[in-house]
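Scroll down for the structure; my scribbles are underneath it.
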Amino acid sequence: MPRYYLTTAIDYANGDPHLGHAFEKIGADAIARYHRLRGDDVWFLIGMDEHGQKVAQTAAEQGIAPQQLVDQVAASFQAMWRRLGISNDQFIRTTDPRHTAGVRELIEMIFRRTEADDPPERRDFYERSYQGWYCVGCEAFKQDAEIVGGKCVLHPTRVLEWVEEKNWFFRLSKYRDALRERLTSDPEAARRSWGGERPLVLVRPESRYNEIRALLDQGLEDISASRARLAWGVPFPRPTSDGDTQATYVWFDALPNYWTATRGDGARAAWPAELHVIGKDITRFHCVIWPAMLLAAGLALPRQVFAHGFVSLGGERFSKSAGVKLDLGEAVDRYGPDAFRYFLLREVPFDGDGNFSWERFEERYTADLANAFGNLASRAIAMIEKYQGGEVPAFDAGAAADAATIVEPHAGDYVTAMDGQLLHEALAAVSRIVSAANGYVDQQAPWKLAKDPERRAELERTLAVLAHVLARLAVLLSPFIPAKSGELWTQLGAPGSVDRTTALHATGPRDPLDPSGWRVSKGAPLFPREKAV
């Protein structure tokens, strides 16, 4: 069974989960569920980034200890992910002692690899006095190109801090050429390299790869690996030459979570990760700093980094500090978790930016879910009950051929899109299947066939086709709307569980779903036209 280790960015623990967090986790969850359908041994990691100056400041503002703050925030995030049906196998927290020990071990691995062999000017860690503008929102020093009007371009409401201190630095500049050789946007080239001595890292979408290549072409500057005067963090393994004990810079603490997670008891994941799903604002950390750290430690690189875009509200990016926000709980409550999952991944391109609006949410819910898909399921099951006493007729060769004309023109597009993490395109393919199935119902008009005894065989074939197509739709949609797909599976009388079926094969979809003899039971509408309460 092929393994598939999938991660998301760990969320920063200084506030409640918001729509941007949800978009990433729902998208990654759809990918994880799809790979389980393919038969892969999936290990899906999410978690919390709990150290750093921003967390310490937020805790101080609330008059509580940092650990108390991150415990509260972690509980809030985990509750929301349970509510949204996120099927993660592990939830890592950077305050976990096992992670702390792993970070220190990784840093020591880097120290040891260059201490003995390289002259001081080539060693990966070295001491340096530094001064520059620091953005607490990014937990990063900012270059001039990242500052507009004296403010960070990503956090324009925060005041930049001028920092002067002596730190341990990581010689990132040393790895520019190696990174240029290792990164690619060509999926075939990346796949051919996996298993070789110098496997490539696939960076997608291509626009993000182009940004990283431009950054590498400009040259890299060495970065701070430790921070002075910061108590809330993983202690850096070694003091500076003047005896100063410092904290590990937060990104040197956060990024290794993908590796430290594989080292805990019970983890089925094995390094390297197959896929990192992240936001496009942190590609520099995941496509430059993180692989450079791994090269320095002598560890394998991740197979792929996919950077999704932003979800905006009325054209403005969600930002707690800027006051652009949406109550995530309210959005989930509007039509339920599955409808919310569907809307985000159907409406917002996973490889680009998109917009959230209540109007579009209502339009998608009514048109796609209530009228097209939900109504198809409701009337097909009702007709099987009415005309067949609830038992699905035999799914013979003629029925299989009819079903193939509905599903197969679009099923390949679905698999291609899912394999490329283009979730919106996969849902567009499913929508075309739903449309074709509704067209088939209108063309066959089972209610007319039922009135003519001589057309009984045609009626039975039509109903068997619809049962099979609905089963296929339940499978294809299960990564996106897992609860509702499970309800449809039960209403169809299908055996087992929809998320345990083998209806997806590594080389594409096949047709193992023979519904002959299933006993349907029409339940409540999957997506009622009135709003969910």
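Predicted, not measured: the structure shown is a model, and the values here were computed from it.
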So, [X] versus [Y]: side-chain donor-acceptor pair below 3.5 Å or not?
X: Asp419; Y: Tyr34; answer: yes
X: Thr248; Y: Asp253; answer: no
X: Glu391; Y: Trp518; answer: no
X: Asp499; Y: Ser478; answer: no
X: Asp71; Y: Gln67; answer: yes
X: Thr260; Y: His99; answer: yes
X: Arg93; Y: Asn257; answer: no
X: Asp514; Y: His468; answer: no
X: Tyr342; Y: Asp368; answer: yes
X: Tyr12; Y: His51; answer: no
X: Gln304; Y: His276; answer: no

>> Run Glu408 and Arg472 through salt bridge (charged side-chain N to carboxylate O under 4.0 Å, His left out) and show every step you take.
In response: CA-CA 11 Å; Glu408 296 311 320; Arg472 286 292 297 276; 3.4 Å; yes
>> Determine whether Asp89 and Arg36 satisfy the following criterion, salt bridge (charged side-chain N to carboxylate O under 4.0 Å, His left out), listing intermediate values before the conclusion.
In response: CA-CA 12 Å; Asp89 299 286; Arg36 293 190 188 106; 3.3 Å; yes
> Run the side chain to side chain contact (heavy atoms under 4.5 Å, CB included) check on Tyr209 and Ile212 step by step: do they pass?
Replying inline: CA-CA 5 Å; Tyr209 167 79; Ile212 294 300; 5.6 Å; no
State, to 0.1 Å, how close [X] and [Y] come at their nearest heavy-atom pair, and which atoms those are.
X: Asn14; Y: Val73; answer: N-CG1, 4.5 Å
X: Val70; Y: Val55; answer: CG1-CG1, 3.8 Å
X: Ile92; Y: Ala261; answer: CD1-CB, 3.8 Å
X: Leu275; Y: Tyr4; answer: CD2-OH, 3.5 Å

Does the side chain of [X] reach to within under 4.5 Å of the side chain of [Y], using non-hydrogen atoms?
X: Phe23; Y: Leu345; result: yes
X: Thr100; Y: Thr95; result: no
X: Trp81; Y: Lys25; result: yes

> Can you pull the side-chain hydrogen bond (donor to acceptor under 3.5 Å, both in side chains) pairs that have at least one residue in residues 480-491, sequence neighbours excluded?
Replying inline: none
>> For Glu50 and Thr94: C-alpha separation, side-chain torsions, deciding distance, then whether side chain to side chain donor-acceptor pair (under 3.5 Å) applies.
In response: CA-CA 6 Å; Glu50 299 182 331; Thr94 58; 4.7 Å; no
Rounded distance [0.5 Å steps], [atom1] in [X] versus [atom2] in [Y]:
X: Asp327; Y: Asp16; atom1: CG; atom2: CG; answer: 9.0 Å
X: Leu492; Y: Leu488; atom1: CG; atom2: CG; answer: 4.5 Å
X: Leu6; Y: Arg303; atom1: CG; atom2: CZ; answer: 14.5 Å
X: His21; Y: Ile10; atom1: NE2; atom2: CD1; answer: 11.0 Å
X: Arg346; Y: Leu344; atom1: CZ; atom2: CG; answer: 13.0 Å
X: Leu427; Y: Ile481; atom1: CG; atom2: CD1; answer: 8.5 Å

Using modelled atom types only, decide if a donor and an acceptor are shared between the side chain of [X] and the backbone of [Y] within a distance under 3.5 Å.
X: Asp29; Y: Ser87; answer: yes
X: Thr262; Y: Ala269; answer: no
X: Asp353; Y: Phe310; answer: yes
X: Tyr5; Y: Tyr258; answer: yes
X: Arg341; Y: Pro479; answer: yes
X: Gln90; Y: Phe44; answer: no
X: Thr416; Y: Gly412; answer: yes
X: His286; Y: Thr283; answer: no

I'd like to know whether the aromatic ring centres of [X] and [Y] sit less than 6.0 Å apart in this structure.
X: Phe350; Y: Phe306; result: yes
X: Phe356; Y: Phe343; result: yes
X: Phe361; Y: Tyr335; result: yes

So with a 6.0 Å cut-off around [atom1] of [X], is the heavy-atom count from everything else above 12?
X: Glu206; atom1: CD; result: no
X: Arg98; atom1: CZ; result: no
X: Lys386; atom1: NZ; result: no

>> Over 60° means perpendicular and under 30° means parallel, so tell me whether Phe373 and Phe527 are parallel, tilted or perpendicular.
In response: tilted
Without placing hydrogens or testing angles, list every side-chain donor-acceptor pair under 3.5 Å for residues 432-441, not counting sequence neighbours.
residue, atom, partner, partner atom, Å
Arg432, NE, His410, ND1, 3.4
Arg432, NH2, Asp413, OD2, 3.3
Asn438, OD1, Arg379, NH2, 3.3
Asn438, ND2, Ala372, O, 3.1
Asn438, ND2, Val434, O, 3.3

>> Quick one, Asp41 with Arg268, criterion salt bridge (charged side-chain N to carboxylate O under 4.0 Å, His left out). Give me CA distance, side-chain angles, the key distance, then yes/no.
In response: CA-CA 9 Å; Asp41 181 15; Arg268 290 199 318 273; 3.0 Å; yes
>> Using the rule given for side chain to side chain contact (heavy atoms under 4.5 Å, CB included), can you reason through Leu215 versus Val288, listing the C-alpha separation, both sets of side-chain angles and the distance that settles it, and then say yes or no?
In response: CA-CA 9 Å; Leu215 177 65; Val288 177; 4.0 Å; yes
> Do we get Arg334 above Trp358's six-membered ring, with its NZ or CZ under 6.0 Å from the centre and within 45° of the axis?
Replying inline: yes
>> Checking Glu274 against Arg3 for the side chain to side chain contact (heavy atoms under 4.5 Å, CB included) test, could you report, in this order, the C-alpha distance in whole Å, the side-chain angles of both residues, the deciding distance, and whether it holds?
In response: CA-CA 8 Å; Glu274 306 302 315; Arg3 70 174 188 87; 3.2 Å; yes
>> Filter on salt bridge (charged side-chain N to carboxylate O under 4.0 Å, His left out), then keep only pairs touching residues 53-67, sequence neighbours left out; what's left?
In response: none
>> salt bridge (charged side-chain N to carboxylate O under 4.0 Å, His left out), that's the test. Do Glu211 and Lys280 meet it? Break it down for me.
In response: CA-CA 10 Å; Glu211 291 173 358; Lys280 68 177 184 178; over 6 Å; no
